[in-house]
Every structure is written in C-alpha cells, then in structure tokens.
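If you read the sequence from its start, that first residue is 1, and numbering goes on from there. These numbers were taken from a predicted model, which means no experiment stands behind them. Because only heavy atoms are used, hydrogens play no part in the values below, and waters and symmetry mates are left out as well, while side chains stay in.
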Amino acid sequence: METYDAVLVYDGECPYCSIAARALERLDDVGAISWYDDAAQAFLDAQFGEVPFAMFLVDERRSRVYAGRSAAEELADRAGTPGIVGSLVRDNYDRIARAVGVASGRGRDPDDYHESYPLDDDAAALFARLVAAAVERPEALA
C-alpha cells in the first residue's frame, strides 16, 4: 500500500486547483484529497475547531499544517521551483485564489488561514484517514 508523509487538502471542485494538484504526482511522499472529502472535514475540525475553506498541506513527519500562502510556498519549495517562484506564489496567493474562484464559478473566497501551525494531537490521530483517502481516490487528481 502506498503511503505519504504529507497530504494536500485542496478545493476538489475547482478544475484549476485539480490541475495544480496533479503536479504533485511527481512528489512521491505527498498525496492529495479534496477539501470536501469527509476525512479532510474531520481533520480540519480536529485541527482548528472549525472547517476553514483554504488549501492545507498536512505534514505528519514535520508535525506541521501549512495553510493558504504557507502551503503554496511549501509546495513550490518541495517541487524544486526556484525560491522566487515560491515567494511570488506566497505573495500573490490571495489574488490568485480570488481569480481562480471567479474563473471556476466557486463563488467563495478562501478563509484567512495562511500560517504554518503545529499539528494538533487530535488532528494527528486522523492523519491515517487522510492518507487512506488519498490512496483510495487517486482519481481526485485526474
């Protein structure tokens, strides 16, 4: 069975976001699931006490949850893009997210979560569910 050290939670109903998530296929240790997945919803509620709408990168090995701009920058770094690309993505995250939302007809902006957070113990206990969802539904990246 495939396993991941990190799982990206992204807007699975956004075609542009899904295309970006496909780029993760070359990162062997990162899986991806839709924000709408039950496992993602349970994880976010355990981590934050609510279910914020944003992109999150959950890294069990580092015991961190990267959100919004921080998640985008971390993904750019892991993909081996030059540092300036990560900085541009981080600095323009809100503008990019807003434009993607309009283009995809999403009708809602991401919530204001943009930091790197310590992985909460209750949320860490649900990490295996995120991995299982990423392994079971690779079509989420198709």
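Between Leu44 and Pro52, some side-chain heavy-atom pair lies under the 4.5 Å cut-off. At least one side-chain heavy atom of Asp11 sits less than 4.5 Å from a side-chain heavy atom of Tyr36. Side-chain contact between Ile33 and Leu8 is absent, with no heavy atoms from C-beta onward closer than 4.5 Å. Side-chain contact between Leu57 and Arg64 is absent, with no heavy atoms from C-beta onward closer than 4.5 Å. Contact check for Tyr66 versus Val58: no side-chain heavy atoms found under the 4.5 Å cut-off.
Between Phe43 and the options Val9, Val51, Val7, Val65, a side chain to side chain contact (heavy atoms under 4.5 Å, CB included) holds for only Val65.
The stretch residues 44-60 participates, sequence neighbours left out, in these side chain to side chain donor-acceptor pair (under 3.5 Å) pairs: Glu50-Tyr113, Asp59-Arg78.
For Glu115 (side chain) and Ala67 (main-chain N/O), no donor-acceptor pair under 3.5 Å exists by modelled atom type. Remark: side-chain polar atoms of Ser70 are paired, donor with acceptor, to backbone N or O of His114 under 3.5 angstrom.
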How far apart are the C-alpha atoms of Glu74 and Arg69, what are their side-chain angles, what is the distance that settles it, and do they pass the salt bridge (charged side-chain N to carboxylate O under 4.0 Å, His left out) test? CA-CA 9 Å; Glu74 182 66 20; Arg69 288 186 290 269; over 6 Å; no
Between Phe53 and Trp35, does the side-chain contact (heavy atoms from CB on, under 4.5 Å) criterion hold? Intermediate values first, please. CA-CA 8 Å; Phe53 184 68; Trp35 179 89; 3.6 Å; yes
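For the pair Gly31 and Ala134, the tightest heavy-atom approach, listed with the atom from each and the gap, is CA-CB, 4.1 Å. When all heavy atoms are compared, the tightest approach of Phe127 to Asp5 is CZ-O, 3.5 Å. The heavy-atom pair separating Ala133 from Ala39 by the smallest distance is CB-CB, 4.2 Å.
By the salt bridge (charged side-chain N to carboxylate O under 4.0 Å, His left out) test, Asp38 is found to be paired with no residue, residues two or more places apart in sequence or in another chain being considered.
The aromatic rings of Phe56 and Phe48 sit tilted relative to each other, their planes meeting at an angle between 30° and 60°.
Put simply, CG on Asp37 and CZ on Arg129 are 8.0 Å apart, with the number rounded to the nearest 0.5 Å. To the nearest 0.5 angstrom, Asp29 atom CG is 10.0 Å from Tyr4 atom OH.
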